[in-house]
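Following: one structure in structure tokens, then a few remarks.
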Number of protein chains: 2
Amino acid sequence: MLEKYVKLLKENSIKVTPQRLETLKYLDENRTHPTVDEIYSELKEKNPSLSKTTIYNSLETLKEHGIIQSLTISGTELRYDFENKIHHHFLCKKCGNIIDIDIECPNINKILNSGHEVEEVHGYFKGKCKKCMKKGS
Amino acid sequence: MLEKYVKLLKENSIKVTPQRLETLKYLDENRTHPTVDEIYSELKEKNPSLSKTTIYNSLETLKEHGIIQSLTISGTELRYDFENKIHHHFLCKKCGNIIDIDIECPNINKILNSGHEVEEVHGYFKGKCKKCMKKGS
DNA sequence: TATTATATTGTAATTATTACAAATTAGAAA
DNA sequence: TTTCTAATTTGTAATAATTACAATATAATA
Ligand SMILES: [Mn+2]
Ligand SMILES: [Mn+2]
Ligand SMILES: [Zn+2]
Ligand SMILES: [Zn+2]
């Protein structure tokens, strides 16, 4: 069950620890772009001795190796995404959901040509999502 | 000198206060996408009784009316921009500078077509800027 | 199995933001 | 111009996210 994540870590020469495996598993199974606190609260239920610092550390390590990515879309806290390919996001100011928008940025070349070295690309849209639009209000 | 900002506020039916004028002036003259603290520290020099809460309030009001915009590019703190038109940004992880990238997002229609209502568009690139690339290291 | 560099834990410190009540003030009305 | 009042500013306290750090535990190697 966790083999998939063990493999991911070993491929990146990262030590395999239960905390890292559980963090990866949670992100893989919860594609809602959760906050550190959401991840921590959930995992703490199964492992009461879990420390929030470990979640911070694990996420940082996974991000450094490009296994996951972080989003700054909400401003007040970082959110994490198991999907590491470039894609865009839509944040609904009504319901708070963050929706994947499956598009590439056609402008990257423009940036590269201007002499900068691009490591991360983030496309964020904010507004009212389809569902909330239907509900009215 | 401040007439420009008085006009801006009156056009938006916002009460004209010295604090709001100074905040606007600072943002207009400092296109570095400053943090709340940077704005506060600078303005406090001229007006020692200035409260940081006022800066938070002023910025929020100006943003609500679309006079300025805020950036979540750095993750840990909000940054503000006098330029309210949609444009992209590049954050250099080396020197910390946030550079304007003057491009529109060609994807907005795609989002609109999918039924969402878009209020804000943010395009962030992160990496190493031209200048830092030249310097090496 | 023994060793050791690395990871985890728990706590404290730092930083950004928000909440809130008292004092002040901008702008409308008299 | 003066008076009035709702809105704004101030100062402080509370909350929330993140980072720092030292002691303990453990994964991976020999
Ligand atoms: Mn995503
Ligand atoms: Mn800008
Ligand atoms: Zn919604
Ligand atoms: Zn740079």
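All values below come from the heavy atoms of this structure, side chains included, with hydrogens, waters and symmetry mates left out. So you know, we letter chains A, B, ... as the sequences are listed, proteins then strands, and number each from 1.
No single ILVMFWY cluster, assembled from side-chain heavy atoms under 4.5 Å apart, contains both A:Phe90 and A:Tyr80.
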Give DNA chain C the dot-bracket treatment, 5' to 3': Watson-Crick (N1-N3 with N6-O4 or O6-N4) or G-U (N1-O2, O6-N3) under 3.5 Å, [ ] crossing, | other strand.
||||||||||||||||||||||||||||||

Chi angles and distances behind the side-chain contact (heavy atoms from CB on, under 4.5 Å) call for A:Asn97, A:Cys129:
CA-CA 8 Å; A:Asn97 285 347; A:Cys129 81; 5.8 Å; no

Got a list of side-chain donor-acceptor pairs under 3.5 Å for residues 68-76 of chain A, not counting sequence neighbours?
from: A:Gln69; atom 1: NE2; to: A:Glu83; atom 2: O; distance (Å): 2.9
from: A:Gln69; atom 1: NE2; to: A:Lys85; atom 2: O; distance (Å): 3.1
from: A:Ser70; atom 1: OG; to: A:Lys63; atom 2: NZ; distance (Å): 3.3
from: A:Thr72; atom 1: OG1; to: B:Thr72; atom 2: O; distance (Å): 2.8
from: A:Ser74; atom 1: OG; to: A:Glu77; atom 2: O; distance (Å): 3.1
from: A:Ser74; atom 1: OG; to: A:Glu77; atom 2: OE2; distance (Å): 2.7

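Contact between the side-chain N/O atoms of A:Gln19 and the OP1/OP2 oxygens of C:dT9 is found at a separation under 4.0 Å.
Of all the residues in residues 39-68 of chain B, B:Thr53, B:Tyr56 reach under 4.0 Å from DNA chain C with at least one non-hydrogen atom. Contacts between residues 27-36 of chain B and DNA chain D, defined by a heavy-atom separation below 4.0 Å, involve no residue at all.
Rounded to whole Å, the distance from CG on A:Asn12 to P on C:dA7 is 13 Å. Rounding to whole angstrom units, CG of residue B:Leu21 and P of C:dT25 are separated by 15 Å. The separation between B:Lys10 atom NZ and D:dA7 atom C1' is 16 Å, rounded to whole Å. Rounded to a whole Å, the NZ atom of A:Lys15 is 9 Å from the P atom of D:dA27. Between A:Glu77 atom CD and D:dA16 atom C1' there is a gap of 9 Å when expressed in whole angstrom units. If you measure from atom CG of B:Leu78 to atom P of D:dT18, you get 13 Å, rounded to the nearest angstrom. As rounded to whole Å, 16 Å separates atom C1' of D:dT18 from atom CG of B:Asp37. Computed from coordinates, the B:Glu38 CD to C:dT15 P distance equals 14 Å when rounded to whole Å.
The distance from the CD atom of A:Glu22 to the OG1 atom of A:Thr54 is 13.0 Å, given to the nearest 0.5 Å.
Tested against B:Leu27 for a side-chain contact (heavy atoms from CB on, under 4.5 Å), the candidates B:Leu59, B:Asp81, B:Thr32 yield a single pass: B:Leu59. Test A:Lys93, A:Lys128, A:Lys126, A:Lys94 against B:Glu119 for salt bridge (Lys or Arg N to Asp or Glu O under 4.0 Å) and you get one pass: A:Lys93.
One finds a salt bridge joining B:Lys7 and B:Glu11 here, because a Lys/Arg side-chain nitrogen approaches an Asp/Glu carboxylate oxygen to under 4.0 Å.
Put simply, the side chain of A:His89 never gets that close to the backbone of A:Asp100: no donor and acceptor are under 3.5 Å apart.
Of the candidates D:dA27, D:dT8, D:dT18, D:dT8 carries the atom nearest the B:Arg20 side chain, counting heavy atoms from C-beta on.
There is no side-chain donor-acceptor pair under 3.5 Å between A:His87 and A:Asp102.
With sequence neighbours excluded, the residues that form a side-chain contact (heavy atoms from CB on, under 4.5 Å) with B:Tyr56 are B:Val36, B:Lys52. Partners of B:Thr35 according to the side chain to side chain donor-acceptor pair (under 3.5 Å) rule, which considers only residues two or more places apart in sequence or in another chain, do not exist here.
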